[in-house]
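Here the structure is laid out as structure tokens; the discussion comes afterwards.
All values reported here derive from a predicted model rather than from experimental measurement.
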Amino acid sequence: MAARTAALESSPELVNLEPYGNGWMIKLGLSNARDVESLLTAEQYEAFTGPE
């Protein structure tokens, strides 16, 4: 985990280049694991927000 954080600190462009890889910023935990069922997939979110 620290290696990814260090990679982002030295290469902030990873946020845009690898948002699902080395570009993550934070890790969240859920108090109720069933909440995941109501989250959108990346594709659903893109369809919801529309084209750029």
Side-chain angles (χ1 to χ4, degrees):
M1 188 159 59
R4 288 185 179 176
T5 301
L8 185 58
E9 289 176 8
S10 63
S11 301
E13 67 276 8
L14 290 174
V15 170
N16 293 324
L17 297 173
E18 295 185 51
Y20 298 108
N22 290 324
W24 64 271
M25 290 187 224
I26 60 172
K27 184 176 181 179
L28 301 175
L30 299 172
S31 58
N32 182 354
R34 292 195 62 147
D35 289 340
V36 172
E37 297 171 9
S38 65
L39 297 176
L40 299 175
T41 65
E43 293 80 16
Q44 291 169 324
Y45 182 77
E46 187 174 335
F48 177 74
T49 59
E52 293 183 33

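Partner E18 forms a side chain to side chain contact (heavy atoms under 4.5 Å, CB included) with one of L14, N16, V15 and no other, that one being L14.
No donor-acceptor distance shorter than 3.5 angstrom exists from the side chain of S11 to the backbone of L8, with no hydrogens or angles considered.
Taking CG from L30 and CG from L39, the interatomic distance works out to 7.0 Å, rounded to the nearest 0.5 Å.
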